[in-house]
Chemist: 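One structure, pasted below without further comment.
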Amino acid sequence: MQVSKYVAAVTSVLSLVTIIPVAGAREEPSLWKIQKTLAAKKYVDLTHAFEPGIPRWPGFPDETRKTIYWYDKRPDTMGSGFFSEVFSHVGQWGTHVDPPAHFVKGLRTLDQIDPKEMFLPLVVIDVHEEAAKNPDYTLSTFVAMRTDLSKRWPDAAKMENKDANGVAHYPGWSLPVLKHLYEERKITASGHETTDTDPGIGASKGDYSLETYILSTNHYQIELLTNLDQVPESGAIVVVSFPKPKGGSGFPARVFAILP
């Protein structure tokens, strides 16, 4: 009984010590108040869920996946007791990150991107009305480009929007805007809802000069974003997260916005 009373007394004192700062002691810095503020905000997921058959660059194979463990015993699995799958897909799959090394040998791979580049102010350039009127529209103002093309997901044919000659028609960036953003405004990264940085009419001819430009500046980009219509043009924060494969050339990303 005496021991239990002693333990209770010590616990009580320790609790008070953690609550009441010692006179003259410096309070340890904490980000918990900021986290509570951010947690109370509205979040918008800017990421497509990926699966076999989703829209992709035509030169890439489709995803395959296989269940190798299942909750119950099955003849087609390696074991049971839990759920586990093997995924096989190209790095540029679904909403994904392209590091500089994706196009430019010797520049940064995924594991070399600083985490500070993954938590940023978000600017959305809204050109969805222009894109609806002109499927070949290119951005000529200035970091995520909203075209609302993601509303066609997961219909690959509608996203490619090919004409009778097999030429794709979907919006893209323009070089003057990209140069303004990266060279003058010093942005960290850019993203879009389409499968390519370049407009469809250029990509159909094998012209990827705009994506080459972005990655050659040693910055990364995000492709196949969604839900940009739910994000204000300014004032939000974007969080870009992805795995860290050594020397990685690209990977599916999880991107979300925190609204003001």
Side-chain angles (χ1 to χ4, degrees), residues 44 46-48 55 57 92 95-104 107-108 113-114 116-153 159-161 167-240 250 253 255 257:
V44 176
L46 305 180
T47 314
H48 288 291
W57 185 66
Q92 281 68 27
T95 302
H96 63 270
V97 55
D98 288 328
H102 176 44
F103 267 34
V104 185
L107 294 188
R108 294 188 300 165
I113 294 177
D114 194 315
K116 287 186 177 181
E117 299 175 55
M118 301 161 69
F119 183 80
L120 301 164
L122 174 62
V123 175
V124 177
I125 309 301
D126 184 359
V127 297
H128 80 281
E129 292 184 357
E130 291 85 349
K133 296 174 184 175
N134 178 11
D136 299 318
Y137 180 80
T138 57
L139 187 66
S140 55
T141 181
F142 88 89
V143 172
M145 180 168 59
R146 174 191 166 188
T147 59
D148 282 0
L149 206 76
S150 64
K151 294 181 182 298
R152 304 180 184 184
W153 184 278
M159 290 196 70
E160 287 185 297
N161 193 32
V167 177
H169 296 274
Y170 51 79
W173 297 84
S174 67
L175 187 58
V177 169
L178 290 175
K179 284 191 171 184
H180 177 73
L181 289 171
Y182 281 98
E183 296 177 23
E184 297 184 35
R185 301 306 295 254
K186 306 297 182 184
I187 68 169
T188 300
S190 57
H192 41 269
E193 297 173 80
T194 53
T195 55
D196 295 296
T197 313
D198 299 77
I201 53 176
S204 294
K205 301 173 184 177
D207 180 3
Y208 299 102
S209 57
L210 300 181
E211 182 166 353
T212 300
Y213 167 76
I214 292 176
L215 301 183
S216 70
T217 65
N218 215 13
H219 291 79
Y220 74 87
Q221 68 169 14
I222 300 293
E223 295 191 308
L224 290 170
L225 289 166
T226 189
N227 293 330
L228 288 173
D229 59 329
Q230 300 178 33
V231 179
E233 293 187 354
S234 64
I237 290 172
V238 67
V239 179
V240 181
V255 185

Chemist: If you measure from CG on L224 to OG on S150, what distance do you get to the nearest 0.5 Å?
Modeler: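 Result: 9.0 Å between the selected atoms.
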Chemist: For the pair S234 (side chain) and V123 (backbone), establish whether a donor and an acceptor sit closer than 3.5 Å, ignoring hydrogens and angles.
Modeler: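 Here the side-chain-to-backbone pair does not exist.
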Chemist: Do D198 and W173 come within less than 4.5 Å of each other through their side chains, counting heavy atoms only?
Modeler: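 Contact flag for D198/W173 side chains = no.
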Chemist: Taking all non-hydrogen atoms of both residues into account, name the closest pair between M159 and P55 and its distance.
Modeler: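 Closest approach of M159 to P55, heavy atoms only: SD-CG, 3.7 Å.
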Chemist: Determine the minimum heavy-atom distance between S190 and V143, stating which atoms define it.
Modeler: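 So the minimum-distance heavy-atom pair works out to CB-O, 3.5 Å.
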Chemist: Donor-acceptor pair, distance only, cut-off 3.5 Å: does the side chain of R146 make one with the backbone of V127?
Modeler: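 Flag not set: sc R146 to bb V127 has no pair under 3.5 Å.
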Chemist: Donor-acceptor pair, Y208 side chain versus G202 backbone, under 3.5 Å?
Modeler: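 Absent.
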Chemist: Nearest 0.5 Å, please: how far is CD in E211 from CG in L178?
Modeler: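 So the CG of L178 and the CD of E211 are separated by 10.5 Å.
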Chemist: Do the non-hydrogen side-chain atoms of L120 and I237 ever get within less than 4.5 Å of each other?
Modeler: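 The answer is no, as the side chains (C-beta and beyond) never meet within the 4.5 Å cut-off.
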Chemist: Kindly write out the residues that satisfy side-chain hydrogen bond (donor to acceptor under 3.5 Å, both in side chains) with Y170, not counting sequence neighbours, or none if the list is empty.
Modeler: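 By the side-chain hydrogen bond (donor to acceptor under 3.5 Å, both in side chains) rule, Y170 matches D196.
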Chemist: Compare all side-chain heavy atoms of S209 with those of L175 and state whether any distance is below 4.5 angstrom.
Modeler: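 No, side chains not in contact.
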Chemist: Testing the basics here: between T194 and E223, what is the closest heavy-atom pair and its distance to 0.1 Å?
Modeler: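 Looking at all heavy atoms of both residues, the closest pair is O-CB, 3.9 Å.
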Chemist: More than 12 non-hydrogen atoms from neighbouring residues, nucleotides or ligands closer than 6.0 Å to CD on E129, yes or no?
Modeler: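 Open: at most 12 neighbouring heavy atoms sit under 6.0 Å from CD of E129.
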Chemist: Might you point out which heavy atoms bring L122 and A144 nearest each other, and give the distance in Å?
Modeler: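 So the two residues come closest at CD1-CB, 4.2 Å.
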Chemist: Compare all side-chain heavy atoms of Q92 with those of W57 and state whether any distance is below 4.5 angstrom.
Modeler: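 When only atoms from C-beta onward are counted, W57 and Q92 do not touch, as no gap falls below 4.5 Å.
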Chemist: Ignoring hydrogens and angles, tell me if any N or O in the side chain of T47 forms a donor-acceptor pair with the backbone of V255 under 3.5 Å.
Modeler: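 It does hold such a pair.
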Chemist: Does the side chain to side chain contact (heavy atoms under 4.5 Å, CB included) test come out yes or no for R152 and N161, once each step is laid out?
Modeler: CA-CA 10 Å; R152 304 180 184 184; N161 193 32; 3.9 Å; yes
Chemist: Side chains of Y220 and D98: does their closest heavy-atom pair fall under 4.5 Å?
Modeler: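 Of all side-chain heavy-atom pairs linking D98 with Y220, none is under 4.5 Å.
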Chemist: Can you see which heavy atom on L149 is nearest to which on E193, and at what distance?
Modeler: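 Minimum heavy-atom separation between L149 and E193: N-OE1, 3.7 Å.
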Chemist: Within the distance-only criterion (no hydrogens, no angle test), does the side chain of T217 pair as donor or acceptor with the backbone N or O of I214 below 3.5 angstrom?
Modeler: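 Side chain of T217 to backbone of I214, a donor-acceptor pair under 3.5 Å: yes, one is there.
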Chemist: Passes side chain to side chain contact (heavy atoms under 4.5 Å, CB included), R108 versus E117? Steps please.
Modeler: CA-CA 13 Å; R108 294 188 300 165; E117 299 175 55; 2.7 Å; yes
Chemist: Can you confirm whether the side chains of T197 and Q221 place a donor and an acceptor under 3.5 Å from each other?
Modeler: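 Checked: T197/Q221 side chains pair up, N/O donor to acceptor below 3.5 Å.
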Chemist: Checking N218 side chain against P100 main chain: does a donor-acceptor pair fall under 3.5 Å?
Modeler: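 Pair absent, no side-chain N/O of N218 close to backbone of P100.
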Chemist: Mark yes or no for whether D148, through its side chain, and H128, through its backbone, hold a donor-acceptor pair below 3.5 Å.
Modeler: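 Checking the backbone N and O of H128 against the side chain of D148, no donor-acceptor pair under 3.5 Å is found.
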Chemist: For a quick test of reading the model, state the closest non-hydrogen atom pair linking K151 to D229 and the distance between them.
Modeler: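 Between these two residues, the closest heavy atoms are NZ-OD2, 2.7 Å.
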Chemist: Is any side-chain heavy atom of L228 closer than 4.5 Å to a side-chain heavy atom of Q230?
Modeler: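 The answer is no, as the side chains (C-beta and beyond) never meet within the 4.5 Å cut-off.
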Chemist: Any heavy-atom pair between the side chains of T95 and L46 that's under 4.5 Å?
Modeler: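 No - every pair of side-chain heavy atoms lies 4.5 Å or more apart.
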Chemist: Kindly indicate whether the side chain of T195, heavy atoms from C-beta on, has any atom under 4.5 Å from the side chain of E160.
Modeler: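 Side-chain contact under 4.5 Å: no.
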Chemist: Side chains of D136 and H169: donor-acceptor distance under 3.5 Å anywhere?
Modeler: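 H169 and D136 do have a side-chain donor-acceptor pair below 3.5 Å.
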